[in-house]
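Order of the sequence lines sets the chain letters (A, B, ...), proteins ahead of strands, with each chain counted from 1.
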Protein chains: 2
Amino acid sequence: MAYTYKYPKADHTVDAVVFGIDFDETALKILLIERAREPFKGNWALPGGFVEMDEDLEAAVIRELQEETNVRLSYMEQLYTFGAPGRDPRGRVISTAFLGLVQPGHIVIHEGSDAAKAVWWNVNELPGLAFDHAQIIKTGVQRLRSKISWQPVGIELLPDEFTLSDLQQAYEIILGRSIDKRNFRRKVLKFGVLAPTGNVRKENYRPAQLYQFDKKRYALLQKQGIDFEV
Amino acid sequence: MAYTYKYPKADHTVDAVVFGIDFDETALKILLIERAREPFKGNWALPGGFVEMDEDLEAAVIRELQEETNVRLSYMEQLYTFGAPGRDPRGRVISTAFLGLVQPGHIVIHEGSDAAKAVWWNVNELPGLAFDHAQIIKTGVQRLRSKISWQPVGIELLPDEFTLSDLQQAYEIILGRSIDKRNFRRKVLKFGVLAPTGNVRKENYRPAQLYQFDKKRYALLQKQGIDFEV
DNA sequence: ACAAAAGTGTTCCCCCTACACCCATGG
DNA sequence: CCATGGGTGTAGGGGGAACACTTTTGT
């Protein structure tokens with residue numbers, strides 16, 4: 001079966017910039033796959049692929065992520081569309097990139113079909129990347145950083161229960177600098193999105209109070225936007 | 001000549017959400033064309049069209065704008081990509097929308113070939129629109145509003161020389177609310193982007209000092225981002 | 001003289017910043 | 001009792017918000 005058109009057409013793909021926080025390594029991680037096919041076979045790349053004809057762009061990323069990595073996202077938004085001619089050796093390929101976030105509990109990867117393997121990489125120690133994916137990742141990191149300062153980010157990156165130190169650590173990892181503990185706590189509590197669960201985490205030494213997000217209030221703040229210049 | 005592919009392909013278009021301020025009518029205007037062809041012939045729509053195979057997305061919007069309206073932009077950025085199946089009756093069409101700004105002096109429209117005519121519409125009094133263009137415009141207005149509060153917007157929307165009242169009016173029109181004159185002036189001058197030209201505008205009653213933007217400083221602030229919650 | 005827009009200062013309060021010590025627990 | 005991370009308060013300063021009158025010009 002073949003499809004014939006009067007004019008040449010570009011292909012349309014989607015790519016996923018998926019971030020997760022690794023609390024053990026205190027690092028921001030990004031999900032990459034090793035390409036199983038040409039072009040760039042054996043190279044590292046963002047998960048993604050061609051959009052089906054009757055499929056929404058968002059649906060396409062979710063499907064591709066499922067196929068290639070089986071990771072479950074807790075959040076997704078459109079990032080940017082990259083369409084420079086020549087960005088793909090196969091011909092004209094326009095790609096819409098998405099920003100995704102995952103909670104630590106869902107960081108497990110089952111290897112899929114299209115990808116040789118999928119691995120979490122430290123954002124600061126990335127390998128060489130296929131296509132213009134280095135640039136896409138750069139755009140994604142910028143977006144995440146700016147997003148964090150005017151929207152409450154956290155529910156999508158933290159486990160359901162977490163300590164204030166966890167939350168602070170998430171911010172420090174993303175922003176790449178340290179934050180004063182007292183100021184951070186006062187500020188974050190003032191928004192009224194956090195509720196103590198009553199449970200404590202006993203790990204080392206003094207137990208830490210566990211919190212969860214008030215989802216209603218969280219959604220409200222997300223809509224309104226907040227000023228969170230920590 | 002025909003082009004044959006193994007799989008079906010979507011079309012890719014670009015659309016331009018172009019804003020300009022009309023100081024006479026104290027209104028935010030948007031550039032629309034009356035479609036000269038099917039589908040939606042005779043309806044109002046955003047300027048735009050198909051991306052050529054060897055053409056960057058940005059280049060495509062600029063070309064289409066030129067062809068259809070001859071308007072000269074002072075600024076452009078990518079807005080969002082709309083790709084829902086069914087958004088275009090011709091088949092699968094994915095469209096990347098751009099946000100454009102024009103200065104009042106360049107608001108003149110020369111009618112082009114593709115469009116029956118091009119007209120500036122008040123954003124608050126829009127006609128029925130083709131495709132999902134109403135939604136695209138809504139996204140554009142939101143972006144412009146949020147952009148204004150963390151980047152210095154103005155150089156792209158104002159004439160080369162302008163009064164502080166002009167600038168304030170621009171902000172009021174975009175944000176849709178009034179701002180205290182004294183606070184606005186103090187805040188805007190504190191950024192150090194404005195320089196008095198020495199000229200004054202004599203229109204009614206007391207003459208007003210004319211200002212221009214310091215382009216170097218403007219570019220710097222644009223890069224850094226600012227906090228401008230007026 | 002009056003109408004219209006330009007221009008100008010101050011006070012109050014809130015929030016951000018900087019900063020250092022005690023607490024609870026495990027080993 | 002010591003090491004480790006959890007948890008707390010305050011003083012000072014800067015900037016935002018609210019607010020009203022004088023100045024300059026044209027008619």
Over how many whole Å does the gap from [X] atom [atom1] to [N] atom [atom2] extend?
X        : N      : atom1 : atom2 : answer
B:Phe191 : D:dG15 : CZ    : P     : 11 Å
B:Gln209 : C:dG7  : CD    : C1'   : 11 Å
A:Ile179 : C:dC19 : CD1   : C1'   : 17 Å
A:Arg177 : C:dA18 : CZ    : P     : 10 Å
B:Tyr211 : C:dA6  : OH    : C1'   : 10 Å
B:Asp166 : C:dG7  : CG    : P     : 11 Å

A:Tyr218 and A:Glu156: side chain donor to acceptor below 3.5 Å | yes

Tell me yes or no: between the side chains of B:Asn199 and B:Glu161, is some donor less than 3.5 Å from an acceptor? yes

Here the residues of residues 168-175 of chain A within 4.0 Å heavy-atom distance, strictly under, of DNA chain D are none

Comparing B:Lys190 with A:Leu189, nearest DNA chain D nucleotide closer to 5' gives the residue A:Leu189

message: Ring centroids only, cut at 6.0 angstrom: are B:Tyr211 and B:Phe162 within range, meaning strictly under it?
response: no

Under 3.5 Å, is there a donor-acceptor pair between the side chain of [X] and the main chain of [Y]?
X        : Y        : value
A:Gln103 : A:Ile155 : yes
B:Arg201 : B:Gln209 : no
A:His133 : A:Leu46  : yes

Closest to the 5' end of DNA chain C, once B:Leu164 and A:Lys187 are matched to their nearest nucleotides, is B:Leu164

Report task. Name the nucleic acid region contacted by A:Ser165, choosing base, sugar-phosphate or nothing; use a 4.0 angstrom heavy-atom cut-off, strictly under. Result -> sugar-phosphate

Task: Sugar-phosphate, base or nothing in reach of A:Glu203, heavy atoms under 4.0 Å - done: nothing

Partner of B:Asp15 under side-chain contact (heavy atoms from CB on, under 4.5 Å), picked from B:Val61, B:Ile136, B:Asp132, B:Thr96, is B:Ile136

Its contact letters, B for base, S for sugar-phosphate only and - for none at protein heavy atoms under 4.0 Å, make nucleotides 18-25 of chain D read BBB--BBB

Pair A:Arg182 + A:Asp180: basic N to acidic O under 4.0 Å:
yes

ring-ring contact (aromatic ring centres under 6.0 Å, His included) evaluation trace for B:Trp150 with A:Trp150: CA-CA 11 Å; B:Trp150 64 272; A:Trp150 63 272; 9.0 Å; no

